[in-house]
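These notes concern the structure reproduced below.
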Amino acid sequence: MSWLKLFMKEAKVTPWEVSGEVDYSKLIKKFGVSEIDGSLLKKLSKKGNLHFMLKRKVFFAHRDLDFALEELDKKNLFLYTGCGPSGPIHLGHAMVWHFTKWLQDTFGVELWFQFTDDEKFLFKKKSYKEIQEWLYENMLDVIALGFNPKKTHFLIDTKHASLMYPEAIKVAKKLTGSAVKASFGLTDSNNVGELFYTSMQAVPAFLPSVIKKKKMACLIPHAIDQDPHFRLTRDILPKLGYYKPASIQCSFLPQLKGAKGKMSSSEGNAIYLTDSPKEVERKIRKYAFSGGKETMKEHREKGGDPDVDVSFQYLRMFFEPDDKKLQKIHDDYKSGKLLTSELKEYLIKKINTFLKEHQRRREKAKKQINKFIYKEK
Ligand code: TRP
């Protein structure tokens with residue numbers, strides 16, 4: 001069983017279960033992360049207009065976010081996130097990076113963006129060449145999301161090996177095989193690269209401190225499934241003389257079919273940033289799990305259930321920033337005034353507007369890649 005499956009099974013992390021108050025706290029307890037509470041939201045709101053993903057608890061958990069904000073005030077903070085290039089980028093990734101861009105713009109800080117081509121080569125049944133092709137494609141999407149080229153540095157694990165490897169082995173020396181196995185559910189039959197890999201994911205959390213020769217704080221925006229990596233990283237970095245990285249964590253954007261799990265790449269599960277408007281329409285109409293009733297008559301009488309309705313959840317988590325509009329959609333769907341087909345129509349338009357602009361920028365990104373890849377001074 002993969003560590004992600006193990007993680008999901010133990011934590012019962014599903015979009016539905018993490019959306020209720022009770023289960024939030026269960027999850028938070030189980031993983032030892034903290035909830036982003038009112039006082040933290042207040043501190044965050046002093047940095048800029050609170051993002052709706054914070055208000056709506058899409059980003060709901062953290063480690064040491066208070067510390068990160070203090071270091072931000074001392075101009076001693078950077079952001080770090082990453083992408084494992086093994087397939088097309090879907091809306092679930094875009095949601096995390098959209099918020100990361102907001103953090104970068106609002107905090108005015110550098111972002112270190114790791115592309116883990118080593119990870120995906122080691123963990124997936126794909127050739128090195130295929131992974132390199134996805135690396136290129138994925139970089140275009142990340143650039144197209146609008147990160148500031150002056151403040152964003154791409155680190156590619158195999159391309160920046162001479163910079164990263166000396167730091168990764170310092171982490172690896174403090175990490176036992178049994179710790180890795182326990183954290184990720186790996187066994188003796190996993191390849192040795194898989195056991196080593198988490199050492200590479202730890203590196204960007206302190207590499208800027210190495211490069212700038214000063215001890216800096218790091219804040220990592222990520223989906224909650226990446227927490228095991230950073231739990232290990234947090235144990236080790238103080239032993240190497242660095243701060244523990246802080247994190248701000250979100251729940252998963254549900255897959256289209258609404259079954260348990262996060263949006264991932266198999267038919268009927270995901271919408272890609274490269275999908276055509278027709279494809280988006282087809283996928284939403286065919287697959288997006290509906291909280292509506294069987295017949296129109298019944299729906300008009302009893303109303304739908306927005307909490308399990310994937311289209312509504314996409315609006316809540318990503319595509320409808322306007323609180324008032326969202327509330328109205330919620331209420332109208334619940335009362336039966338708004339039909340599933342109308343709700344889907346609204347979402348399709350929202351997604352296609354977003355993708356049209358994204359795909360235009362994605363073409364332009366082909367000329368910008370060089371500006372983003374980190375160059376050693
Ligand atoms: N392991 C992540 C993935 O599989 C990629 C990644 C590397 C990452 N560093 C990160 C994600 C930091 C979030 C934050 O996609």
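Counting starts at 1 for both ligands and their atoms, following the listed order. From a predicted model like this one, the values you see are computed outputs, not experimental measurements.
Considering backbone and side-chain atoms alike, Lys120 places an N or O below 3.5 Å from some N or O of ligand 1. Among the atoms of Thr81, none of the N or O lies under 3.5 angstrom from an N or O of ligand 1. For ligand 1, one of its N or O atoms has an N or O atom of Gln201 under 3.5 Å away. Between Gly84 and ligand 1, a contact under 3.5 Å exists for at least one N or O pair. Some N or O of Tyr80 is nearer than 3.5 Å to an N or O of ligand 1, by distance alone.
Between His51 and Trp102, the two ring planes are perpendicular [angle over 60°; tilted spans 30° to 60°]. Aromatic ring orientation, Phe230 versus His222: tilted (interplanar angle from 30° to 60°).
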Check against ring-ring contact (aromatic ring centres under 6.0 Å, His included), Phe115 and Phe113: CA-CA 7 Å; Phe115 289 88; Phe113 208 114; 5.2 Å; yes
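Here the heavy atom of the protein found nearest to atom 2 (C) of ligand 1 is Gln226 OE1, 3.3 Å. What sits closest to atom 7 (C) of ligand 1 on the protein, heavy atoms only, is Gln114 OE1, 3.3 Å. Of all protein heavy atoms, the one lying nearest to atom 11 (C) of ligand 1 is Gly82 O, 3.5 Å.
Only the side chain of Ile220 comes within contact range of ligand 1, with a heavy atom under 4.0 Å; no backbone atom does. Counting heavy atoms closer than 4.0 Å to ligand 1, residue Phe230 contributes side-chain atoms (C-beta onward) but none from N, CA, C or O. Neither the backbone nor the side chain of Ala223 has a heavy atom within less than 4.0 Å of ligand 1.
As a member of the Ile/Leu/Val/Met/Phe/Trp/Tyr network built from side-chain separations under 4.5 Å, Tyr243 groups with Phe67.
Atom NZ of Lys215 has more than 12 heavy atoms from other residues, nucleotides or ligands within 6.0 Å.
Using a 3.5 Å distance cut-off with no hydrogens or angles, the side chains of Ser290 and Thr340 do pair a donor with an acceptor.
The pair Lys244-Asp64 fails the salt-bridge criterion, with no side-chain N (NZ, NE, NH1 or NH2) lying under 4.0 Å from an Asp/Glu carboxylate O. A salt bridge links Asp188 with Lys181: the distance from a Lys NZ or Arg NE/NH1/NH2 to an Asp or Glu carboxylate oxygen falls below 4.0 Å.
Here is the list of ligand 1 atoms found below 4.0 Å of a heavy atom in Thr116: 5 (C), 7 (C). The contact set between ligand 1 and His222, taken as ligand atoms under 4.0 Å from a residue heavy atom, comprises 13 (C), 14 (C). Every atom of ligand 1 is numbered from 1 in the order shown, and the set under 4.0 Å from a heavy atom of Glu119 is 1 (N), 2 (C), 3 (C), 4 (O), 5 (C).
The only member of Lys101, His358, His93 that meets side-chain contact (heavy atoms from CB on, under 4.5 Å) when paired with Leu145 is His358.
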